[in-house]
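A short write-up of the structure that comes next.
Atoms within a ligand are numbered from 1 in the order they appear, just like the ligands themselves.
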Amino acid sequence: MPKIQLHWQILIAIVLAIGAGLITGHYEETAGAARALATYDFLGTLFISALLMIIVPLIVSSIIIGIAGIAQEGRLGPMGGKTLGFYIATGLIAVLVGLIYVNLTTPGFANGEPLGPERLGLDQEAAEAVEEIGEADASEVVEIFLRMIPENVVAAAVEMELLGLIFFSLLFGYFMTRVAKENADTLYRFWDGVFQVMMKITHLVMLFAPIGVFGLVAEVVTETGLDMAGPLVVFALTVVVALFTHVFVVMPLLIYWLTGRNPLRLFRAMGPALLTAFSTASSMATLPITMDCVRKNANVSQRTSSFVLPLGATVNMNGTALYECVAAIFIAQAIAPAYGVELTFGLQFIVVVTALVTSIGVAGVPMASMVAIGIILTAVGLPIEALGVLFVFDRILDMLRTATNVFGDGVCAVIVAHLEGEEDLLPDPARRQQVIGE
Ligand code: ASP
């Protein structure tokens with residue numbers, strides 16, 4: 001019997017999970033449903049933990065060998081410049097796509113009138129929901145960047161403060177090329193070995209992806225169902241259409257324009273990573289699978305992918321930036337007049353800039369956008385409690401924006417690799433080296 005490709009296995013798991021989740025949700029109050037929910041949670045948690053287990057050694061080893069290789073060839077400046085330039089440019093494009101849609105669909109208005117604080121549920125419940133994610137204020141933007149230089153690199157690893165860990169690894173990799181050759185060679189072989197082992201473990205974890213994804217999606221569907229309600233539907237659809245525009249129109253055009261290659265092949269190459277991002281809502285947890293897909297299926301060199309992808313999983317979040325912008329403007333449309341705030345061009349400008357900056361700083365974990373939106377609301381003088389309303393649809397929108405984030409990293413890896421002169425990128429699937437499970 002021919003083996004089913006991994007992305008099909010995951011897709012089938014998602015479909016089965018939706019069915020299982022709906023049935024479990026239907027029998028909500030029964031002991032059987034509670035047992036089923038506990039089982040979904042168990043499977044999903046095991047899968048996410050297995051992915052997260054790989055993250056710290058994977059990020060450290062891949063950045064160190066990536067940077068050391070690039071620095072050795074004297075390509076650090078050009079490659080770093082291209083990567084960061086691309087991240088900022090696509091982040092900005094994503095925010096602007098969101099801005100255009102939210103101004104066109106105006107989800108914060110109903111029949112030309114702002115929805116107002118009540119319809120946004122600015123009540124006790126919203127305030128309680130916000131408490132869950134803690135307070136946020138504008139000084140947190142500065143905080144995010146302060147965390148880039150960790151006082152203690154081991155603590156940064158323990159806390160999974162990836163920005164700090166990345167910063168340390170960048171320095172380590174760079175200076176590894178500045179010590180005596182015999183030491184440099186030993187260090188390189190060590191970190192390269194760690195990296196290879198991490199990828200092998202990733203392959204093992206990927207074998208269980210369909211089961212883990214089943215658990216994650218079934219749990220979400222059981223708990224939230226598929227209901228769409230109230231004025232929020234327009235908001236949710238605005239986000240979905242804007243994300244789709246970015247992923248299916250803007251990014252493919254960029255790939256085609258900058259590399260002349262067929263963008264459809266990247267969707268196919270990244271299938272398992274995109275579906276895992278969708279199911280886990282965490283670009284950080286998806287990183288091992290992203291690296292595997294981009295290297296093996298898209299044929300991006302280890303040198304480029306080891307540098308671009310771990311960095312991207314933390315700082316390049318197109319979907320998050322877009323979502324933050326749409327969500328903040330939606331809330332502003334709905335309640336700004338009630339709080340004496342004017343919906344001016346200046347306000348939209350602050351939202352655009354803050355969305356871009358915070359999307360760079362937030363971690364690739366579920367619901368990370370919420371904290372960032374809190375920062376944006378505070379920056380424009382609106383009450384942070386207003387973001388309670390976003391919890392209604394957050395999970396599904398989080399799944400979509402995370403897949404967008406991960407796709408953006410893959411696009412960047414392919415474009416940077418092309419600009420670095422790499423050949424045979426995005427090969428015909430019939431010819432390419434197969435990713436595990438295919
Ligand atoms: N969940 C997203 C990610 O991991 C971050 C967010 O909440 O937007 O990429």
Side-chain angles (χ1 to χ4, degrees), residues 44 47-49 51-52 54-55 58-59 87 90-91 94-95 97-98 129-130 132-134 136 140-141 144 160-163 166 212-213 216-217 219-220 224 235-236 238-240 242-243 246-247 251 270 273-291 308-328 330 351 354-377 387-388 390-412:
F47 179 55
I48 296 219
S49 302
L51 286 171
L52 290 178
I54 310 169
I55 292 299
L58 178 69
I59 287 204
Y87 285 161
T90 50
V95 177
V97 169
V130 169
E132 271 182 38
I133 62 159
E140 285 202 20
V141 176
I144 286 173
M160 284 223 180
E161 290 283 1
L162 295 192
L163 273 184
I166 287 176
V213 162
L216 289 167
V217 176
E219 187 180 359
V220 170
T224 58
F235 160 71
T238 305
V239 174
V240 173
L243 287 174
H246 189 70
V247 169
M251 293 311 229
M270 293 192 68
L274 297 180
L275 292 170
T276 307
F278 179 78
S279 316
T280 58
S282 168
S283 32
M284 179 163 88
T286 311
L287 178 65
I289 300 183
T290 313
M291 293 192 73
V308 172
L309 294 175
L311 203 60
T314 323
V315 305
N316 184 39
M317 298 207 179
N318 292 175
T320 296
L322 183 155
Y323 178 72
E324 287 177 23
C325 174
V326 176
F330 158 63
V351 171
T354 333
L356 191 61
V357 173
T358 49
S359 76
I360 294 174
V362 296
V365 295
M367 272 179 30
S369 291
M370 287 297 183
V371 183
I373 296 166
I375 296 174
I376 301 177
L377 291 179
L387 64 80
L390 303 177
F391 283 87
V392 178
F393 285 128
D394 191 59
R395 185 63 195 199
I396 177 73
L397 298 180
D398 198 359
M399 292 160 105
L400 290 171
R401 66 185 185 251
T402 307
T404 308
N405 291 343
V406 167
F407 187 64
D409 297 338
V411 172
C412 179

With a heavy-atom distance limit of 4.0 Å, tell me whether [X] approaches ligand 1 through its side chain, its backbone, both, or neither.
X      : result
Ser283 : both
Val365 : backbone
Met284 : neither

Does any N or O atom in Met317 lie less than 3.5 angstrom from one in ligand 1, N or O only? no
Any nitrogen or oxygen of Ala368, side chain or backbone, less than 3.5 Å from one on ligand 1? yes
For the side-chain contact (heavy atoms from CB on, under 4.5 Å) test, which of Val406, Asp394, Val240, Val239 pairs with Arg401? Asp394
In a check of side-chain contact (heavy atoms from CB on, under 4.5 Å) between Asn316 and each of Asn405, Val411, Thr90, which one passes? Thr90
Is there a side-chain contact between Leu400 and Phe278, using heavy atoms and a 4.5 Å cut-off? yes
Within the structure provided, determine whether Thr286 and Leu51 are in side-chain contact (heavy-atom separation under 4.5 Å). no
Which residues satisfy the side chain to side chain donor-acceptor pair (under 3.5 Å) test with Ser279, sequence neighbours excluded? none
Suppose we screen for side chain to side chain donor-acceptor pair (under 3.5 Å). Which residues come up paired with Thr276, at least two apart in sequence or across chains? none
What atoms of ligand 1 come within less than 4.0 Å of a heavy atom belonging to [X]?
X      : answer
Met367 : 7 (O)
Ser369 : 6 (C), 7 (O), 8 (O)
Asp398 : 1 (N), 2 (C), 6 (C), 7 (O)

Students often mix this up, so state it plainly: with edges at 30° and 60°, are the rings of Phe330 and Phe235 parallel, tilted or perpendicular? parallel
For atom 2 (C) of ligand 1, what's the nearest protein heavy-atom neighbour? Residue, atom name and distance, please. Thr402 OG1, 3.3 Å
